[in-house]
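Heads up, the thing below is written out as structure tokens.
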Amino acid sequence: MNAICCINELLTQFIDDLSNRNVFNQTDSITVNEKLAFRKDSLNILGSHTGKTNFSLSLVRELSINKNVPVGLFTCGENNKKQIVRRFISQEARVNYSKIANGHLQQQEKQRINDCMETIYKCPFFVNDEVLSFNKLKEYIKTMVLENNVQFIIVDDFYNLSDILDYAFFWECKTSYETNDNYRNAVAKLLNSINNLAEKFNIPILLTMNISRSFGEPTMRCFKELSSLIKEKSDMIIFLYKEKDYLEETAAVDYYIIIEKNNSGRKERTRYIYEVPYLRYDFDSVLEN
């Protein structure tokens with residue numbers, strides 16, 4: 001089909017797709033479940049006040065273990081590789097994370113960890129725990145895609161990328177309009193560059209961002225002065241939300257994935273289960289709202 005075409009050509013293609021049941025296929029997406037899919041050449045934003053890294057790892061586990069999709073995770077925050085692997089094991093083995101971190105494991109818990117080791121060992125999951133500049137990030141993403149066939153990238157704690165980290169202090173202090181504009185411009189440039197990477201390598205890239213705590217469900221206002229910029233630059237915006245605070249001893253609580261913007265699908269608000277001791281966000285049990 002030519003770049004310029006008449007509507008009747010598009011309708012002919014649509015009818016062919018409809019007869020072959022190809023209209024709603026998601027071969028151009030990385031699908032997590034029926035409610036959540038990431039288009040391959042897209043820039044996606046996850047906003048949350050807490051739980052971003054654990055959600056990212058749950059997403060990694062769902063894709064790399066359950067769907068055999070190679071995933072690359074960049075942890076730009078405080079979590080190093082050792083902490084990442086402990087959390088990942090806690091989620092997959094369903095062993096209390098605090099016991100793994102402290103080494104206080106009973107025999108049955110050790111056995112559960114041993115039982116899942118081969119599965120974790122074989123899963124296509126690649127981790128980088130440096131605080132990166134964009135140029136370094138681009139270099140590592142290129143390596144992951146070309147050498148490891150990575151098909152999904154997560155950049156956890158986006159605001160810690162060094163290209164914008166230097167502006168953060170002035171942004172928080174709001175010292176002047178000039179420094180705030182510099183920060184906005186630096187964020188915009190970075191989002192454009194990462195979007196170009198997603199298009200170049202034809203992969204979804206998910207950036208996790210901290211948002212201000214809200215009373216009730218988060219909205220775009222939780223991104224504060226960056227809200228219009230983030231909405232403009234992204235293909236999908238997701239909020240992570242739990243209705244209630246909880247203690248570590250709590251077995252499970254409800255959480256919501258709220259899709260606020262979606263250029264390739266519908267807005268959604270879906271309730272799932274978060275298993276507190278294992279830091280595990282579940283994607284299987286879609287609950288009635």
Side-chain angles (χ1 to χ4, degrees), residues 30 38-48 51-61 63-64 69-88 120 123-172 179-211 223 226 229-230 232-238:
I30 301 296
F38 297 87
R39 201 184 73 229
K40 285 188 177 177
D41 59 347
S42 62
L43 175 60
N44 308 276
I45 307 296
L46 172 73
S48 183
K52 297 178 295 296
T53 300
N54 294 332
F55 181 86
S56 297
L57 283 172
S58 295
L59 194 56
V60 170
R61 189 189 57 78
L63 293 175
S64 66
V69 174
V71 182
L73 173 67
F74 295 87
T75 65
C76 302
E78 300 177 354
N79 296 290
N80 59 37
K81 292 173 184 175
K82 287 184 178 180
Q83 292 169 319
I84 290 298
V85 75
R86 288 170 184 164
R87 294 185 188 209
F88 200 65
I120 294 176
C123 79
F125 173 29
F126 305 87
V127 186
N128 183 299
D129 63 356
E130 297 179 46
V131 176
L132 300 167
S133 65
F134 171 73
N135 286 334
K136 275 291 186 183
L137 178 67
K138 178 172 67 173
E139 177 185 328
Y140 285 130
I141 288 178
K142 180 179 179 181
T143 299
M144 284 185 179
V145 172
L146 297 182
E147 296 184 8
N148 305 114
N149 192 34
V150 163
Q151 298 173 31
F152 191 95
I153 293 288
I154 302 173
V155 181
D156 192 30
D157 280 327
F158 163 81
Y159 291 134
N160 281 324
L161 287 172
S162 63
D163 305 69
I164 55 175
L165 192 58
D166 293 340
Y167 296 97
F169 173 76
F170 299 104
W171 173 262
E172 291 297 330
T179 53
N180 289 344
D181 285 342
N182 287 342
Y183 186 60
R184 271 191 291 266
N185 291 337
V187 171
K189 181 179 178 181
L190 202 49
L191 291 176
N192 282 334
S193 298
I194 294 175
N195 195 13
N196 290 338
L197 275 183
E199 292 178 358
K200 177 180 179 180
F201 294 114
N202 193 33
I203 56 173
I205 297 180
L206 175 66
L207 311 179
T208 77
M209 297 182 180
N210 191 49
I211 60 174
F223 288 117
L226 294 178
L229 174 63
I230 289 170
E232 174 193 350
K233 301 296 182 183
S234 61
D235 294 287
M236 184 161 67
I237 297 172
I238 304 166

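- With N185 contributing its side chain and D181 its backbone, the two residues share a donor-acceptor pair below 3.5 Å.
- Rounded to the nearest 0.5 angstrom, L132 CG and L161 CG are separated by 6.5 Å.
- Tested against F223 for a side chain to side chain contact (heavy atoms under 4.5 Å, CB included), the candidates L229, I45, N210 yield a single pass: I45.
- Between F125 and F88, the ring-plane angle classifies as tilted under the 30° and 60° cut-offs.
- Scanning all heavy atoms of the two residues, the minimum distance from K82 to V85 falls at O-CG1, 3.2 Å.
- Side-chain contact between I84 and T53 is present, with at least one heavy-atom pair separated by less than 4.5 Å.
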Is there a side chain to side chain contact (heavy atoms under 4.5 Å, CB included) between F74 and M144? Walk through the geometry before answering.
CA-CA 11 Å; F74 295 87; M144 284 185 179; 3.7 Å; yes
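- Here the side chains of K189 and D163 are not in contact, with every heavy-atom distance at 4.5 Å or above.
- Between L63 and F38, the closest side-chain pair of non-hydrogen atoms is not below 4.5 Å.
- No side-chain heavy atom of I154 sits less than 4.5 Å from a side-chain heavy atom of L57.
- When atom types are taken as modelled, the side chain of S234 and the backbone of N44 share no donor-acceptor pair closer than 3.5 angstrom.
- The only member of V155, L43, L46 that meets side chain to side chain contact (heavy atoms under 4.5 Å, CB included) when paired with L206 is L46.
- Note that the CE atom of M236 and the CZ atom of R39 stand 9.5 Å from one another [nearest 0.5 Å].
- D156 and T75 share no donor-acceptor pair across their side chains, judged by distance under 3.5 Å alone.
- Considering CD1 of I153 and CZ of F126, their distance stands at 10.0 Å, rounded to 0.5 Å.
- When all heavy atoms are compared, the tightest approach of V71 to V150 is C-CG1, 4.0 Å.
- K52 approaches M209 most closely through the heavy-atom pair CD-O, 3.4 Å.
- Annotation for K233: atom NZ counts as buried by contact number, over 12 foreign heavy atoms lying within 6.0 Å.
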Would K136 and E139 count as a side chain to side chain contact (heavy atoms under 4.5 Å, CB included) if you check the C-alpha gap in whole Å, the side-chain angles of each, and the deciding distance to 0.1 Å?
CA-CA 5 Å; K136 275 291 186 183; E139 177 185 328; 4.1 Å; yes
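- For Q83 (side chain) and N80 (main-chain N/O), a donor-acceptor pair under 3.5 Å exists by modelled atom type.
- Side-chain contact between F158 and I164 is present, with at least one heavy-atom pair separated by less than 4.5 Å.
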Is there a side chain to side chain contact (heavy atoms under 4.5 Å, CB included) between N195 and L191? Walk through the geometry before answering.
CA-CA 6 Å; N195 195 13; L191 291 176; over 6 Å; no
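- Shortest non-hydrogen contact noted between I194 and L137 is CD1-CD2, 4.3 Å.
- Between L197 and I205 the shortest side-chain heavy-atom distance falls below 4.5 Å.
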Stepwise, does the side chain to side chain contact (heavy atoms under 4.5 Å, CB included) test hold for E130 with Y140?
CA-CA 11 Å; E130 297 179 46; Y140 285 130; 2.9 Å; yes
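- Counting heavy atoms from C-beta on, the side chains of L226 and Y159 come closer than 4.5 Å.
- Listed for the S64 side chain is a donor-acceptor partner under 3.5 Å among the backbone atoms of V60.
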